[in-house]
Amino acid sequence: MNHENGQLLPHGPSPEAADSPLPAPRAGRLARATVLGAALLTAGLALTSCTSGTDTGKESSNGQVASLESSSPDAAGEGGSKIASPRSSSSAAADAAAEAKRPVLRLDSSTEEVNRLWNSYWACLQAHGVPMNQERVEKAGDQAPPVQDQKVEDQYKAEYRACLYKMPLQPVEERPETNPHYADDYRHYVGCLRDKGVKVHEVFAADGSPDGWTYDDDYPTDGSGPYTDKLDNDCRLEAFGGHDK
């Protein structure tokens, strides 16, 4: 899983798109890659906002920049200590302010609310000129998600940064940094899906932490499988909010 630990996106996942782990307890048919790309982009903004020029950021275990190093003499203060430039400091402050404004989803957020918040974020990106993936639009009038391409994301970093304040955050129960029981809860969630006949398995990061789930090889790709948005939501509520912590 990435630093955002997945997002709540409109609609349900499609097994035909299951070429990468699904990191969200509820994710979107519109853009499985959006889950990954949005989170990686957020992590990238956090890094680039704290570095400039030849600076390189060292990330701590929670994905935040813990220190700065530079090979540039101009970046060193007295005694050789490293200092951030005014430009990088102002960028970091702006990103911190945007983070504080991001809407936080709830475990019981309705499909309509989830759709509204993600569509608002995607509309902001589109208004700023970020290319949209019109092939992911399911019906006329729907808001398209952004194109998922690292080169595009690198090219439009400033535009993504401008819309960061609109990008929804996972419910506090579904973020490792705010839920000390996250790993156990996620295991419970995946187990619930399996108990209800959805053939999926958990995927783990190199450090052993939950990294999402993906469909088993024998899960039907024609849409005939038992997965539904309601089933997924029921398992999320049971796992992350339905038992004593």
Side-chain angles (χ1 to χ4, degrees), residues 1-14 16-18 20-46 95 97-150 152-153 156-178 189 212-213 227-237 240-241:
M1 185 169 297
N2 46 53
H3 296 298
E4 285 297 305
N5 303 293
Q7 311 295 333
L8 298 184
L9 291 174
H11 313 294
S14 58
E16 64 270 18
S20 61
L22 183 69
R26 182 172 65 191
R29 180 183 302 115
L30 284 177
R32 173 186 299 272
T34 298
V35 174
L36 303 172
L40 291 173
L41 177 70
T42 304
L45 291 180
D95 286 346
E99 283 283 349
K101 294 179 180 178
R102 289 175 64 183
V104 180
L105 296 167
R106 307 181 314 277
L107 278 177
D108 62 351
S109 290
S110 66
T111 299
E112 293 73 22
E113 182 179 5
V114 172
N115 289 352
R116 177 179 59 80
L117 290 173
W118 275 101
N119 285 340
S120 176
Y121 170 59
W122 290 341
C124 179
L125 294 178
Q126 184 172 12
H128 280 77
V130 175
M132 296 288 112
N133 189 346
Q134 298 297 333
E135 293 182 359
R136 291 285 187 172
V137 176
E138 295 187 336
K139 64 178 184 293
D142 282 357
Q143 171 64 52
V147 170
Q148 294 301 305
D149 184 286
Q150 189 59 53
V152 173
E153 291 173 5
Y156 289 91
K157 274 185 178 179
E159 289 76 11
Y160 271 93
R161 179 177 281 116
C163 294
L164 180 62
Y165 73 101
K166 284 182 171 286
M167 183 172 147
L169 277 166
Q170 282 292 86
V172 293
E173 297 90 345
E174 292 180 317
R175 282 182 273 149
E177 65 271 22
T178 51
Y189 161 65
W213 61 258
Y227 180 93
T228 65
D229 286 346
K230 182 180 185 306
L231 184 154
D232 186 276
N233 193 54
D234 288 346
C235 284
R236 289 177 53 250
L237 291 173
F240 289 93

Could you grab the distance from atom [atom1] of [X] to atom [atom2] of [Y], nearest 0.5 Å is fine?
X      : Y      : atom1 : atom2 : value
Thr178 : Gln170 : OG1   : CD    : 9.5 Å
Glu173 : Phe240 : CD    : CZ    : 9.0 Å
Ser109 : Leu117 : OG    : CG    : 7.5 Å

Quick one: does [X]'s side chain get under 4.5 Å of [Y]'s, heavy atoms only?
X      : Y      : value
Thr111 : Arg116 : no
Leu169 : Leu105 : no
Tyr121 : Cys163 : yes
Leu237 : Asn233 : yes
Pro131 : Tyr156 : yes
Val130 : Trp122 : no

ask   = Partners of Ser120 by side-chain hydrogen bond (donor to acceptor under 3.5 Å, both in side chains), sequence neighbours excluded?
value =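 Listed in chain order: Lys166.
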key: salt_bridge(Arg236, Glu174) N-O dist < 4.0 Å   =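 Here Arg236 pairs with Glu174 in a salt bridge, since their nearest N and O are under 4.0 Å apart.
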query = Looking only at atom types and distance, does a side-chain atom of Arg102 sit under 3.5 Å from a main-chain N or O of Met167, one as donor and one as acceptor?
reply =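 Yes, because the side chain of Arg102 sits within donor-acceptor range (under 3.5 Å) of the backbone of Met167.
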ask   = What are the two closest heavy atoms between Leu125 and Pro146, and how far apart are they?
value =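 It is CD1-CG, 3.9 Å.
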task = Might you point out which heavy atoms bring Tyr160 and Glu153 nearest each other, and give the distance in Å?
result =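 Tyr160 and Glu153 have their closest heavy atoms at OH-CG, 4.0 Å.
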message = Using the side-chain contact (heavy atoms from CB on, under 4.5 Å) criterion, which residues pair with Lys230? Sequence neighbours excluded.
response =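 With sequence neighbours excluded, Lys230 shows a side-chain contact (heavy atoms from CB on, under 4.5 Å) to Thr228, Asp234, given in chain and number order.
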task = State which residues pass side-chain contact (heavy atoms from CB on, under 4.5 Å) with Gln134; sequence neighbours excluded, sorted by chain then number.
result =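 For Gln134 the side-chain contact (heavy atoms from CB on, under 4.5 Å) partners, ignoring immediate neighbours, are Gln126, Met132, Val137, Ala144.
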ask   = For Arg175 and Val104, what are the C-alpha separation, side-chain angles and deciding distance, and is it a side-chain contact (heavy atoms from CB on, under 4.5 Å)?
value = CA-CA 11 Å; Arg175 282 182 273 149; Val104 180; 3.7 Å; yes
key: Candidate pair Glu99 and Leu164, rule side-chain contact (heavy atoms from CB on, under 4.5 Å), full reasoning   = CA-CA 7 Å; Glu99 283 283 349; Leu164 180 62; 4.0 Å; yes
